[in-house]
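Notes follow once the structure below has been shown.
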Amino acid sequence: MCGIVGYVGKNDNAIKTIINSLEALEYRGYDSAGIAYINDNHINIVKRQGRIENLKKDLNLDINSNLGIGHTRWATHGVPNEINAHPHKCGKITIVHNGIIENYSELKTMLIDNGYAFSSDTDTEVACATIDYLYKKYNNMLKALQKSIKILKGSYALGILCDDNLDTLYAVRVSSPLIVAVKDNGKFIASDVPAILSYTNEYYLLDDGDIVVLKDNSINFYNKELESITRNSFIFEGDLEEVKKDGYEHFMLKEINEEPRVIKDTISYYFDGTKASLMKNIPDLNKYKDIHIVACGSAYHTGLVAKTLIEEIANIPVMVEIASEYRYKKVFYNEATLVILVSQSGETADTLASLRKAKEDGIDTLGIVNAVGSSIAREADNTLYIKAGCEIAVATTKAYSAQLALLSLLALKLALINNKISDEEFNNLKMQINKLPEMIKELIKSEKYRKIANKIYTREDIFYLGRKIDYAMSMEGSLKLKEISYINCVAYAAGELKHGTISLIEQDTPIIAVITDKDIKAKTISNLKETKARGANVILITNEVEKDNYYDEIISIPNIHPLIQPIVTIVPLQLLAYEIAKLKGCDIDKPRNLAKSVTVE
Ligand code: M6R
C-alpha cells in the first residue's frame, strides 16, 4: 500500500539509488510514481502517472544528487494521476507518504482558513501543509514533526525534506511500516526490506511515534517526547536473490515453485518429528478452550481451513472472522479465549486493529506472521513466524501455504494435548509430512493446468464448489483466479447451489470442484451431477481415484492425512489461476487496483 524510499549519502547517485530501491517496492502500489531530489541547493520534483518505468523515461538518472525521497502509489484519496502522485510540496516542506490521514478533511479546512491552497485531492498534501504550518510556527523541524504526530490521525509513514535544511532527510512512523538502514556512506528509509537489499541486509525498526533525522554523516532517533533514543537492528535472513525473478516469467510462478522449500523450512522450524518439539516450540495452548482466528483475504481463508482442522481433529471450537468485521463487532470472549491473527505482512490495518481490540479486552493473542519485526509480530503476546521469505507477487501463494503448514502444526499440538491422535496416527502423519516437499514438486510439474486453462480461459464466469474444508480451499482458489485474471468467479458451498446459484449454470459453464473430504464426498458428487445435468463443464480436483461420468477433467492429488491435505490441495488451484491469467495476458504479479500490503482500512 504505497512504497516510500529516502536516501542521503556522501555520493552523488541518490536518484539512481532511490529508483533502484523504489523498483523493489513496486509490489506495494503501482498507479503512479515520483521522486524529489536535491540538486544545486534546490528540491526538484518529477512525478508520473503509471509505473516507475514511466517516471524513469522522464528522469535524468545521472544528475548529481546526494539526497532525495521517492514514492510508488496505491491511490486512496484521489484518482491515480500526476497531480495526486507523490511527492507533495507545500511551503518549505516536501513529503512522500504511505498510509492514510483520517482527519485530513478537518485539517484541510483549518489550513485553508490559514491561507493554504491545495492542488491535489490527497490526504498527503494536507499532511504536508500541516507540517509546513507547524514548521512556520515553531521554526524547528523536530518540534514541528512532534506536533504533527499529535495532530495527524491515522496511519502513516512519511519521508520529509525541508527547504531550510537541504542536507537532511526526516522520517516519522505512526502505525505504518518504515525501516531505516545504513550502508557505508549511505542512509536509507524504506517501507520494506527489499528496498535496501541491494545495499545491506541490516535494518532498524521504528516504533510508533518515532522520528528519525538522517544526514550523510549522522543518524538520530527520537521518541514522541523528542528524547534521543536507540533502536535495535535486525538482520534480514534471506538475500537479494529472493526478491529477483531468478529466470521465472513471474514472481507468482517463482513463489509457487518455492513452496516445497518454504513448507519444509516452516515445519522443520517448529517440529523435528517429536511431540516434545511441538510442545517446546509452539506456545503453551493448554488453557484455551475457545479460539478466534482473525485475518483478511487469503489469510482469512487459511483460518477457515484451520477451523475445520482444529474443530474436527482437536475438538476445540473455533470462530473465524474477517478482520474488518471483527474490529467493529461485538465479540464474546471468555477467560479461555485465544485470538490468533494471521498475516503475511504483519501490517494489515484491520488485522492489526483486531489484535489491539483483543489486547484492550485483556485477551491472549498469537500472531502468525511472515514479515519479521512487523507491527503484528511485535504487538501480539506471542508470535510464530512462517518461513516464507519475501513474497513479491501481490497474489499470495507460498505465504498462504506456509500459513497452512503452521496452522496444521498448531492443530496437531491441540489434538495431542487433547489426546485425539494415537501414536500410530502420529507416526504415519510424520512420515507424510517428510514427503510433502516431493509431493508438491510433483504436482507443480504437471502440464495439466495449462491444458485445462486453455479450454476455459475465455469464459466470463467460473464457479468453485466444495464442502467443509474443500469449500475453504475453493474460496482461496476462487480469490486467486479473480484477483489475477479478472474473471468473475465465486466459490459456493456445494449444498448451497440449488438455493439460487444453479440458475447461473449454462452450457459449458466451468465448475472447479474440490473433493478431498471422504465423509462428505458423496454429497458433493450429487451436487456436481446436478450441474452436469445442466451443461456444466466440471473440473475435479480430488485425492480419490475417480472413474465416473460427473466430471470432464480430473486433477489427481495425493491422498494424505487431513491435517496436511490442504497444503497439497492448494497447488493445482494456484497453478490453474496462474495459467488462466497468463493466457489472458494479465499483469500477473501486479493485478489492477491492488497492492500487496493493505495498511489502510
Ligand atoms: O499481509 P496479510 O496476510 O495480512 O494480507 C491479507 C490479504 O490482503 C492478502 O492475503 C490478500 O488477500 C492476497 N493478496 C490474496 O492473494
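Counting convention: from 1, in listed order, for ligands and their atoms alike. This is a predicted model, so every value here is computed, not measured.
- On a distance-only criterion, Thr351 and ligand 1 share no N/O pair closer than 3.5 Å.
- When heavy-atom distances to ligand 1 are checked against a 4.0 Å cut-off, Lys480 comes that close only through its side chain, counted from C-beta outward.
- Close approach to Val394 involves these atoms of ligand 1, each under 4.0 Å from a residue heavy atom: 13 (C), 14 (N), 16 (O).
- Remark: Glu26 engages Lys590 in a salt bridge, criterion side-chain N to carboxylate O under 4.0 Å.
- Residue-environment remark: NZ (Lys451) stays at or below the threshold of 12 foreign heavy atoms within 6.0 Å.
- Formation of a donor-acceptor pair under 3.5 Å by the Asn382 side chain with backbone atoms of Leu366 is not found in this model.
- For the pair Gln344 and ligand 1, the shortest N or O to N or O distance falls below 3.5 Å.
- Of the protein's non-hydrogen atoms, Ser298 N, 3.2 Å is the one closest to atom 10 (O) of ligand 1.
- Ranking protein heavy atoms by distance to atom 13 (C) of ligand 1, first place goes to Glu483 OE2, 3.7 Å.
- Atoms of ligand 1 found under 4.0 Å from any heavy atom of Gly297 (numbered from 1 in listed order, with element): 12 (O).
- Proximity to Ala395 (heavy-atom distance under 4.0 Å) selects the following atoms of ligand 1: 16 (O).
- The side-chain hydrogen bond (donor to acceptor under 3.5 Å, both in side chains) test with Thr337 singles out one residue from Thr365, Asp364, Asp290, Asp361, and that residue is Asp290.
- Below 4.0 Å from some heavy atom of Ser343 lie the following atoms of ligand 1, by number and element: 1 (O), 2 (P), 3 (O), 4 (O).
- Heavy-atom proximity to atom 2 (P) of ligand 1, evaluated over Val342, Val369, Thr348, is greatest for Thr348.
- Formation of a donor-acceptor pair under 3.5 Å by the Arg173 side chain with backbone atoms of Ala157 is not found in this model.
- A salt bridge links Lys307 with Glu311: the distance from a Lys NZ or Arg NE/NH1/NH2 to an Asp or Glu carboxylate oxygen falls below 4.0 Å.
- Interface atoms of ligand 1 facing Ala299, defined by a heavy-atom separation under 4.0 Å, are 3 (O), 10 (O).
- Scanning the protein heavy atoms around atom 8 (O) of ligand 1, the nearest turns out to be Val598 CG2, 4.0 Å.
- At the shortest separation from atom 6 (C) of ligand 1 among protein heavy atoms lies Cys296 O, 3.3 Å.
- No donor-acceptor pair closer than 3.5 Å links the side chain of Lys398 to the backbone N or O of Glu255.
- Salt-bridge check for Asp246 with Lys254: failed, with every basic side-chain N at 4.0 Å or more from each acidic carboxylate O.
- Ion pairing between Asp587 and Arg592 fails under the 4.0 Å rule for side-chain N and carboxylate O.
- Neither the backbone nor the side chain of Glu347 has a heavy atom within less than 4.0 Å of ligand 1.
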